[in-house]
Amino acid sequence: QVQLVEDGGGLVQAGGSLRLSCAASGRRFSDYGMGWFRQAPGKEREFVGAVARSGTRTYYSDSVKGRFSISRDNANNKVYLQMNSLEFEDTAVYYCAASESSMIRTTSAGYSYWGQGTQVTVSL
């Protein structure tokens, strides 16, 4: 098992940047692919991006590609979501999640462990 705790959310103006972090504890962190999801009020949870176990491969949704980037630090059991050029539509609760699959997963069903989420609010 792995426990996940997100940090770094907050209020930012449109066009600004924010970096979320997710700290993992429990089983060996490099055993898991890591993903970021988000959920806006009244909407379903949406895939944002993911990083493979080694950190060498990433994948992003079209809505954030070119603006967001994911990285991980396996030595310190952390994964990051760097968000640039934020838009009002990026407002949501952001969740990190861990997958036991060796392949990058893009749906919620592919992830077994979830953090509690952190709120990101982008003002116009």
Side-chain angles (χ1 to χ4, degrees):
Q1 259 192 338
V2 63
Q3 293 76 44
L4 304 171
V5 178
E6 301 96 337
D7 195 11
L11 174 64
V12 62
Q13 284 189 327
S17 297
L18 211 56
R19 188 175 85 151
L20 306 183
S21 63
C22 173
S25 60
R27 257 183 62 185
R28 189 169 61 187
F29 183 59
S30 57
D31 284 348
Y32 298 93
M34 298 300 296
W36 285 95
F37 289 77
R38 66 187 182 186
Q39 188 166 19
K43 295 188 177 181
E44 293 187 356
R45 190 168 295 187
E46 172 191 22
F47 172 76
V48 173
V51 59
R53 293 171 175 177
S54 64
T56 56
R57 289 181 293 121
T58 54
Y59 186 82
Y60 302 95
S61 69
D62 287 344
S63 61
V64 306
K65 196 175 297 182
R67 300 188 298 122
F68 290 12
S69 65
I70 296 174
S71 60
R72 65 186 296 162
D73 179 353
N74 284 347
N76 291 296
N77 299 339
K78 286 192 173 182
V79 62
Y80 303 97
L81 178 65
Q82 177 66 43
M83 305 184 292
N84 299 326
S85 302
L86 281 161
E87 303 170 354
F88 177 75
E89 293 73 21
D90 295 319
T91 297
V93 177
Y94 283 71
Y95 300 89
C96 72
S99 170
E100 294 174 306
S101 173
S102 60
M103 300 175 63
I104 285 183
R105 298 299 185 183
T106 61
T107 65
S108 297
Y111 293 80
S112 303
Y113 306 100
W114 294 82
Q116 82 288 351
T118 185
Q119 176 71 45
V120 172
T121 303
V122 184
S123 63
L124 294 170

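Position 1 is the first residue of the sequence, and the numbers go up from there. As a basis for the values below, the full set of heavy atoms in this structure was taken, side chains included, without hydrogen atoms, waters or symmetry mates.
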Roughly how far apart are [X] [atom1] and [Y] [atom2], rounded to 0.5 Å?
| X | Y | atom1 | atom2 | result |
| --- | --- | --- | --- | --- |
| D31 | S99 | CG | OG | 11.5 Å |
| Y32 | E100 | OH | CD | 5.0 Å |
| K78 | D73 | NZ | CG | 8.5 Å |
| R27 | Q3 | CZ | CD | 11.5 Å |
| S123 | Q13 | OG | CD | 5.0 Å |
| D7 | L20 | CG | CG | 8.5 Å |

For residues F68 and W36, establish whether the separation of their ring centroids is below 6.0 Å.
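Between F68 and W36, the centre distance exceeds or equals 6.0 Å.
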
is_close_aromatic(F47, Y60), centroid dist under 6.0 Å
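F47 vs Y60: aromatic centres not under 6.0 Å.
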
Contact check, side chains of [X] and [Y], non-hydrogen atoms, under 4.5 Å:
| X | Y | answer |
| --- | --- | --- |
| M34 | L4 | yes |
| R53 | S30 | no |
| V12 | T121 | no |
| V120 | M83 | yes |

Below 3.5 Å, can you tabulate the donor-acceptor pairs from side chains in residues 87-95 to any protein atom, sequence neighbours excluded?
residue, atom, partner, partner atom, Å
D90, OD1, R38, NH1, 2.8
D90, OD1, R67, NH2, 3.0
D90, OD2, R67, NH1, 2.7
D90, OD2, R67, NH2, 3.4
D90, OD2, E87, N, 2.7
T91, OG1, F88, O, 2.9
T91, OG1, V122, N, 2.9
T91, OG1, V122, O, 3.4
Y94, OH, R38, NH1, 2.9
Y94, OH, D90, O, 2.6

Where is the tightest heavy-atom contact between [X] and [Y], given as atom of each residue plus distance?
| X | Y | value |
| --- | --- | --- |
| S54 | T56 | OG-OG1, 2.7 Å |
| L124 | A14 | CA-CB, 4.5 Å |
| V2 | A24 | CG2-CB, 3.8 Å |

Does any N or O in the side chain of Q82 come within less than 3.5 Å of the main-chain N or O of R19, such that one atom is a donor and the other an acceptor?
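Between the backbone of R19 and the side chain of Q82 there is no qualifying donor-acceptor contact (under 3.5 Å).
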
Is a donor on one side and an acceptor on the other found under 3.5 Å between the side chain of E6 and the backbone of Q116?
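Checking the backbone N and O of Q116 against the side chain of E6, a donor-acceptor pair under 3.5 Å is found.
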
Judged by modelled atom types alone, do S61 and S63 share a side-chain donor-acceptor pair under 3.5 Å?
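The criterion, which ignores hydrogens and geometry beyond distance, is satisfied for S63 and S61.
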
Does a side chain donor of either S17 or N84 reach within less than 3.5 Å of an acceptor in the other side chain?
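Indeed, the side chains of S17 and N84 share at least one donor-acceptor pair under 3.5 Å.
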
Assigning hydrophobic clusters by single linkage (Ile, Leu, Val, Met, Phe, Trp, Tyr; side-chain heavy-atom cutoff under 4.5 Å), is [X] placed with [Y]?
| X | Y | answer |
| --- | --- | --- |
| Y113 | V79 | yes |
| Y80 | F29 | no |
| Y111 | V64 | no |

Crowded around Y59 OH? As in, over 12 foreign heavy atoms under 6.0 Å?
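Count not over threshold, so no.
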
